[in-house]
Number of protein chains: 2
Amino acid sequence: MGSSERKERQKAQLQQQILDAAKEITIRDGFAALTMRKIAQAIEYAPGTIYLYFESRDEIAIQLCRQGYQELFECLQPTMNIADPRDRLRAIASAYSDFGLTNPATYRLIFMEDPKFTNAALSQVPIDREDGAGMRSIQLLVKVFDDMKADRMLSSDVNSARLAEIFWTSLHGILSIKLTFPGFLTTPSEELVKIMTDTFLAGLSPDLSL
Amino acid sequence: MGSSERKERQKAQLQQQILDAAKEITIRDGFAALTMRKIAQAIEYAPGTIYLYFESRDEIAIQLCRQGYQELFECLQPTMNIADPRDRLRAIASAYSDFGLTNPATYRLIFMEDPKFTNAALSQVPIDREDGAGMRSIQLLVKVFDDMKADRMLSSDVNSARLAEIFWTSLHGILSIKLTFPGFLTTPSEELVKIMTDTFLAGLSPDLSL
DNA sequence: TTTATTTCTGAACAATGTTCATTGAACTAT
DNA sequence: ATAGTTCAATGAACATTGTTCAGAAATAAA
């Protein structure tokens with residue numbers, strides 16, 4: 001005995017191989033072109049084999065989502081070190097839009113594709129019992145506004161979670177339009193994000209503007 | 001002769017019938033469930049017949065988009081009568097989000113589905129040689145900011161088109177998240193839209209806020 | 001009525017996700 | 001070592017998709 005652990009390892013390895021292949025195809029050809037047969041060809045197995053490791057194409061998509069949330073969170077995390085909440089908000093906005101523009105396929109998948117995937121991925125709580133990466137990314141924003149309150153930049157009776165939702169959706173709006181209709185908006189993304197952020201900050205605390 | 005006109009009419013009639021059936025299916029089951037065979041069954045023709053009236057499923061989608069832009073514009077148009085630019089902006093925001101929440105399938109199709117459809121539909125200029133409904137909807141927003149400038153609510157050196165893009169994308173962000181992950185945002189759409197709009201207005205002209 | 005044209009059909013094709021009886025290799029027990 | 005068992009892997013098969021096209025049916029022209 002004792003070989004069962006190797007089995008487990010091999011299983012996990014092929015599982016990861018499938019996910020890697022799926023990710024590459026999604027990045028290269030878009031999620032709609034992600035085909036079970038293409039994955040099979042990439043990992044050099046028969047199509048049916050994939051079903052021994054994943055329940056369905058949907059489940060693969062969900063796992064890709066989870067991975068995507070993680071990557072996004074890792075892009076945002078470094079901003080946590082910025083002390084000034086307003087500067088931090090600007091940095092988050094910048095990092096977030098960078099992520100979306102640099103990884104359009106991933107961004108589409110985690111926020112713009114079938115709700116099925118996103119909801120399943122968001123509600124899956126990882127091993128460490130903490131919230132998933134998606135939730136933690138939102139928390140980053142909530143903390144910005146909480147810190148602004150602590151620094152008296154913001155009235156203490158405004159709802160931080162609410163502001164976080166508004167800021168995030170605004171950011172997402174810019175990105176999703178940029179990704180869906182490249183060239184339709186005449187203003188570059190960076191500028192849109194910058195003006196949006198500054199206007200938002202000015203709107204929050206008019207007396208402190210600039 | 002003279003029957004050629006009737007032919008034209010009959011052709012246009014069946015074409016419209018196909019679009020109507022397609023729209024109903026899209027509204028009922030979502031765009032992904034819009035199947036050529038389902039359309040054929042709905043209009044009681046063989047699947048192949050549809051191809052005598054439309055080049056492909058994509059072309060049907062594009063026509064549905066055009067129709068969708070028209071409907072959206074008609075929802076926004078009444079706001080043009082509101083004299084005060086700020087009130088008008090609030091009314092546009094409200095009408096826009098109402099449209100999206102009331103017609104989720106249409107909204108998804110015209111702004112969140114394949115860029116192919118949207119781009120083709122947006123670049124198609126209608127018979128009257130004016131801009132399409134999509135463009136005219138954006139113009140509505142641009143005018144708001146132009147009017148604000150005229151009323152000295154806004155510095156004359158800000159770019160109205162830019163502000164229109166930012167406001168629209170922010171609005172779209174709220175809607176697209178609400179449509180894709182219903183229940184994920186804890187705040188009701190109306191409130192998000194309201195706070196976003198007020199914050200935006202406050203950010204534009206801090207001295208005039210409220 | 002006969003001929004020509006147009007409209008429509010429905011079988012067929014390739015590609016999709018998914019299933020499952022069969023294979024064959026690796027592991028276990030004797 | 002041999003026999004038995006397990007289990008990963010196969011690849012043919014199924015249903016469903018968009019799309020095509022030779023031929024049937026209906027309509028118009030002569």
Side-chain angles (χ1 to χ4, degrees), chain A residues 1-26 28-65 109 113-114 116-117 120, chain B residues 1-19 21-26 28-65 109 113-117 120:
Chain A
M1 273 280 276
S3 63
S4 64
E5 284 141 30
R6 193 197 53 210
K7 285 285 189 62
E8 283 298 316
R9 241 183 302 128
Q10 282 179 345
K11 177 152 185 164
Q13 198 175 320
L14 190 43
Q15 227 161 19
Q16 192 55 51
Q17 220 180 113
I18 292 171
L19 282 182
D20 289 346
K23 186 179 175 186
E24 194 186 315
I25 295 168
T26 302
R28 201 185 50 229
D29 308 328
F31 177 70
L34 178 62
T35 285
M36 298 304 262
R37 284 173 177 81
K38 266 193 207 162
I39 299 175
Q41 194 178 3
I43 62 174
E44 296 183 287
Y45 278 82
T49 306
I50 302 177
Y51 289 86
L52 300 175
Y53 296 86
F54 292 94
E55 215 178 34
S56 63
R57 179 178 181 267
D58 282 6
E59 206 212 315
I60 294 177
I62 291 170
Q63 296 308 325
L64 287 182
C65 270
L109 181 63
E113 217 69 55
D114 201 310
K116 220 181 342 183
F117 311 146
Chain B
M1 278 279 277
S3 62
S4 65
E5 285 142 27
R6 192 197 55 209
K7 286 284 189 62
E8 283 298 317
R9 239 181 305 129
Q10 281 179 344
K11 178 153 185 163
Q13 197 174 321
L14 190 44
Q15 228 161 20
Q16 192 54 52
Q17 221 179 113
I18 292 170
L19 282 183
K23 186 179 175 185
E24 194 187 316
I25 295 167
T26 302
R28 201 186 48 228
D29 307 328
F31 176 70
L34 179 62
T35 285
M36 297 305 262
R37 284 173 176 82
K38 266 192 206 164
I39 300 175
Q41 194 177 3
I43 63 173
E44 297 185 287
Y45 278 83
T49 306
I50 302 177
Y51 288 86
L52 301 174
Y53 296 86
F54 291 93
E55 216 178 34
S56 64
R57 179 177 180 267
D58 283 7
E59 207 213 314
I60 294 177
I62 291 170
Q63 296 308 325
L64 287 182
C65 268
L109 180 63
E113 217 68 56
D114 201 312
K116 219 180 347 182
F117 311 147

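The figures that follow rest on heavy atoms only: side chains count, while hydrogens, waters and symmetry mates do not.
At a non-hydrogen distance threshold of 4.0 Å, nothing from residues 12-19 of chain B comes into contact with DNA chain D. Contacts between residues 30-44 of chain A and DNA chain D, defined by a heavy-atom separation under 4.0 Å, are made by A/Arg37.
Annotation: B/Glu24, atom CD; neighbour count of heavy atoms from other residues, nucleotides and ligands within 6.0 Å does not exceed 12. Counted within 6.0 Å of CD on A/Gln41, heavy atoms from surrounding residues, nucleotides or ligands total 12 or fewer; the atom is thus considered open.
For A/Glu55 against A/Glu59, the heavy-atom pair with the smallest separation is N-OE1, 2.7 Å. Here the closest non-hydrogen pair linking A/Met36 and A/Ser56 is CE-C, 4.3 Å.
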Protein-nucleotides 21-26 of chain D N/O pairs under 3.5 Å:
none

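Expressed to the nearest 0.5 Å, how far CG of A/Asp20 lies from CD1 of A/Ile39 amounts to 11.0 Å. Distance check, rounded to the nearest 0.5 Å: CD of A/Glu113 to OG1 of A/Thr26 gives 9.0 Å.
In this structure the side chain of A/Ile60 reaches within 4.5 angstrom of the side chain of A/Ile50, judged on heavy atoms.
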Show the numbers, then the answer: is there a side-chain contact (heavy atoms from CB on, under 4.5 Å) between A/Asp29 and A/Leu34?
-> CA-CA 7 Å; A/Asp29 308 328; A/Leu34 178 62; over 6 Å; no

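Every side chain to side chain contact (heavy atoms under 4.5 Å, CB included) that B/Gln17 has, sequence neighbours left out, goes to B/Leu14, B/Ile43. In this structure, the side chain to side chain contact (heavy atoms under 4.5 Å, CB included) partners of A/Ala120, at least two apart in sequence or on a different chain, are A/Ile62.
Spacing between atom CZ of B/Arg57 and atom C1' of C/dA15 amounts to 15 Å, rounded to whole angstrom units. What separates CD1 of A/Ile60 from C1' of C/dT18 is a distance of 12 Å, to the nearest Å. The CD atom of A/Glu55 sits 9 Å away from the P atom of C/dT19 (whole-angstrom rounding). Following rounding to the nearest Å, A/Ile50 (CD1) and D/dA9 (P) show an atom-to-atom distance of 12 Å. Spacing between atom OH of A/Tyr45 and atom P of C/dT18 amounts to 20 Å, rounded to whole angstrom units. Rounded to a whole Å, the NZ atom of B/Lys11 is 7 Å from the P atom of C/dT7. As rounded to whole Å, 10 Å separates atom C1' of D/dG18 from atom CG of B/Asp58. Whole-Å rounding puts the A/Gln10 CD to D/dC7 C1' distance at 12 Å.
Using a 4.0 Å heavy-atom distance criterion, A/Tyr53 is classed as a sugar-phosphate-only contact.
Screening residues 29-63 of chain A for ring pair (Phe, Tyr, Trp, His ring centres under 6.0 Å) gives A/Phe31-A/Phe117 as the qualifying pairs, with residues at least two apart or on separate chains.
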